[in-house]
Amino acid sequence: MTDGERTPAISVVVPTHDVVEWVDDCLTSMLDDQDVDLEVVVVDDGSRDGTWERVTARAAADPRVRAFRAPGVGGGQARNFGVEQARGEFLAFADGDDLVPRGAYAAMLASARSSGSDMVVGDFLKFSALQTWSPTARWTGFAERAQGLTLTDRPQLVRNRACWNRLFRTRFWREQAIAYPSVPRSNDIVPMVTALVAARTIDVVPDLVYLYRERPGGTSMTAQASADAAVASYLTQELLCAHLLGSYDDDQLAATYWQMVLNADGWVHLRRYARGAQTRGEQSAVPQLLTELLSLRRTYTFSRLRPEKQAVYALGTLGEVELAREVLDVIGDGGTDPVPMDPVRAMRATLAAAGTGLLDERAQRGLAYALVVENVAGRAVPVDEGTAAELVALAAPHTAWFTSSVAPVERPQDRLARAALVAGDPHALREASRGGEPQVVQSLVVGRTAAQVELGLPADLAAGATLELRAYKPGRPETQRPVGRVRRDGERWVARVGASALPSEGTWALELLVTAPDGELQVPLVVQRSAVRLEGGRLGRLTVRGKGAGLVTVTLFRRPSVVRRAVRALRRRGAAVVAELPSSLNCPRR
């Protein structure tokens, strides 16, 4: 007891904004399912849907709930105000539409009291109406219990910067003057990095301590305004994080941080910027902020990105939103089928990206090969005379990009396109873009561990030639590899592709390489969807995906190994049980 008021073990600060459908479950998961002495400090940020009335009713019925109206606007100031009201020895945060598993706070509290650490971090899941998944499944930071760590002891902790799956000593939080900024997006990453840097020691519990609800639409507190505003807000906060972590002279921490930014958080926001609605009538702050952030990058981490991703970052620093969007389409961003760029725009995008100085020579060559060479060589219709002439002119100062292949196995048409660009020959470039006509596969039979492809080839194509089946990742022809010989079987031409010939899981497209005395020709393969037969079931090592009708590209999908599928299934099943009802939440250990 302090000044006549109760001093609970934990104060949970919960900002709310229009979450009437979920706030009861959120509060129940804390008040009924946690075996610790706690108070819940709810700070309502201008709800208009009945959330405030629901919260005040719970507060009237349970003295552990304290309800306040936020004095300002936004989730950041609501959390700060909640911290001011908190009376607990420890501090936790939760959002009003999420859930806390049974025993979560008890697990973190026991660790903090045992070790004396300033903060404790636990595992979490995300869930929606249709699925539950573990963002930490491939992280090593939560794999085992540990106490008394520093950030350099476990750099992976910097990958998780959410505020809700951890516990803080209230005295530590206040002594460090940690506060949430009033920004539209990403208002928790700077406070969390500040805490990670300032903490004398940190504990990790492998227990599941939080369930984050993914909600559709723009009703959540983190919903974006415009793409410009959202991404600019993120970048201002990420710059502060980069400076905070820059005080460490630790290569592993720097590599972990920049890999997370460039491949995950930063990449997600960059895509949003390229594909989102831009602020009208105002100059975007994103290019300058992105330039400042990338000036702090670890070069070796940036250079490990595939050249097309490096180009999207580079184009973002120039504000070239449309070109960046088109490069994303080439990548097949978001799991969509890759869409080739106009060849001239592809060349201009390459030149613009190279001009920023962000791409080293190797990346420039890789980008030119992916966007220009493979674009020209893989076209169904040859480039016209004007396009060929313009491409040759644009490439003339940079022929060094095209003198050699960047792919381990080069397609014949790619080789011809490179030679034409080096020679500055528009006619040869047009000829290089005349690939083989797509051949219709008569049948594709997919078994559990192998697939059989039956072709009906014209005599002039097959006569005296060696026929080889090759596979490649859609949108990434440099991944191509031989997977089987095509042999004559009576009136048919047949090839067999084993699952072991495909080196990694995922979708692989098939094409035919024809090697004749007078040269080589790459031939795309297509098939009528009705001619595809699945004999091994969808649980075999090989299967097919896609629901398109008519003629489609011949593809195979290699599934993960049995062991990996079993592990994933167990994780999904366990997560689904955990997320079912607040009152049945358990806190499993790995």
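Numbering of residues begins at 1 and proceeds along the displayed sequence. Keep in mind it's a predicted model, so treat the numbers as computed, not measured.
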Donor-acceptor pair, Thr479 side chain versus Lys473 backbone, under 3.5 Å?
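Side chain of Thr479 to backbone of Lys473: a pair is present.
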When you measure from the side chain of Ser182 to the backbone of Gly76, do you find a donor-acceptor pair of N or O atoms at a distance under 3.5 Å?
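Answer holds: no.
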Please, which pairs that meet salt bridge (charged side-chain N to carboxylate O under 4.0 Å, His left out) have at least one residue in residues 169-183, sequence neighbours excluded?
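Listed by first then second residue: Glu89-Arg169.
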Single hit among Trp164, Tyr105, Phe127, Phe124 for ring-ring contact (aromatic ring centres under 6.0 Å, His included) with Tyr210:
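Output: one option passes, namely Trp164.
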Begin from the C-alpha positions of Trp22 and Arg215 and carry the test side-chain contact (heavy atoms from CB on, under 4.5 Å) through to its verdict.
CA-CA 11 Å; Trp22 306 282; Arg215 287 199 273 138; 3.3 Å; yes
Taking everything shown except Glu322 itself, do over 12 heavy atoms lie less than 6.0 Å from its CD?
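For Glu322, atom CD is not crowded (no more than 12 foreign heavy atoms under 6.0 Å).
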Within a reach of under 6.0 Å around CZ of Arg304, are more than 12 heavy atoms found that belong to other residues, nucleotides or ligands?
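Result for CZ/Arg304: open.
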Answer yes when [X] and [Y] have at least one side-chain N-carboxylate O distance shorter than 4.0 Å, and no when they do not.
{"X": "Asp49", "Y": "Arg54", "answer": "no"}
{"X": "Asp62", "Y": "Arg64", "answer": "yes"}
{"X": "Asp265", "Y": "Arg161", "answer": "yes"}
{"X": "Asp251", "Y": "Arg298", "answer": "yes"}
{"X": "Asp95", "Y": "Arg79", "answer": "yes"}

Check whether the ring centres of Trp267 and Tyr313 lie less than 6.0 Å apart, and answer yes or no.
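Yes, they do, as the ring centres are separated by less than 6.0 Å.
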Which residues pass the salt bridge (charged side-chain N to carboxylate O under 4.0 Å, His left out) test with Arg159, not counting sequence neighbours?
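By the salt bridge (charged side-chain N to carboxylate O under 4.0 Å, His left out) rule, Arg159 matches no residue at all.
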Please list, chain by chain and in numerical order, all residues satisfying salt bridge (charged side-chain N to carboxylate O under 4.0 Å, His left out) with Asp203, sequence neighbours excluded.
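Asp203: no salt bridge (charged side-chain N to carboxylate O under 4.0 Å, His left out) contacts found.
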Under 3.5 Å, is there a donor-acceptor pair between the [X] and [Y] side chains?
{"X": "Gln147", "Y": "Ser111", "value": "yes"}
{"X": "Asp44", "Y": "Thr16", "value": "yes"}
{"X": "Asp153", "Y": "Thr150", "value": "yes"}

For [X] against [Y], the heavy-atom pair lying closest together:
{"X": "Val73", "Y": "Asp45", "result": "CA-OD1, 3.6 Å"}
{"X": "Arg213", "Y": "Asp97", "result": "NE-O, 2.6 Å"}
{"X": "Asp228", "Y": "Ser284", "result": "OD1-OG, 3.3 Å"}
{"X": "Met30", "Y": "Ala94", "result": "CE-CB, 3.4 Å"}
{"X": "Val13", "Y": "Val83", "result": "CG2-N, 4.0 Å"}
{"X": "Ala352", "Y": "Leu315", "result": "CB-CD2, 3.9 Å"}

Hey, could you give me the [atom1]/[atom2] distance between [X] and [Y], rounded to the nearest 0.5 Å?
{"X": "Thr152", "Y": "Leu196", "atom1": "OG1", "atom2": "CG", "value": "11.5 Å"}
{"X": "Leu38", "Y": "Ser11", "atom1": "CG", "atom2": "OG", "value": "8.5 Å"}
{"X": "Leu318", "Y": "Leu323", "atom1": "CG", "atom2": "CG", "value": "9.0 Å"}
{"X": "Asn165", "Y": "Leu211", "atom1": "CG", "atom2": "CG", "value": "11.0 Å"}

Results of ring pair (Phe, Tyr, Trp, His ring centres under 6.0 Å) for [X] - residues two or more places apart only:
{"X": "Tyr234", "value": "His269"}
{"X": "Tyr248", "value": "none"}
{"X": "Phe93", "value": "Trp173, Tyr180"}

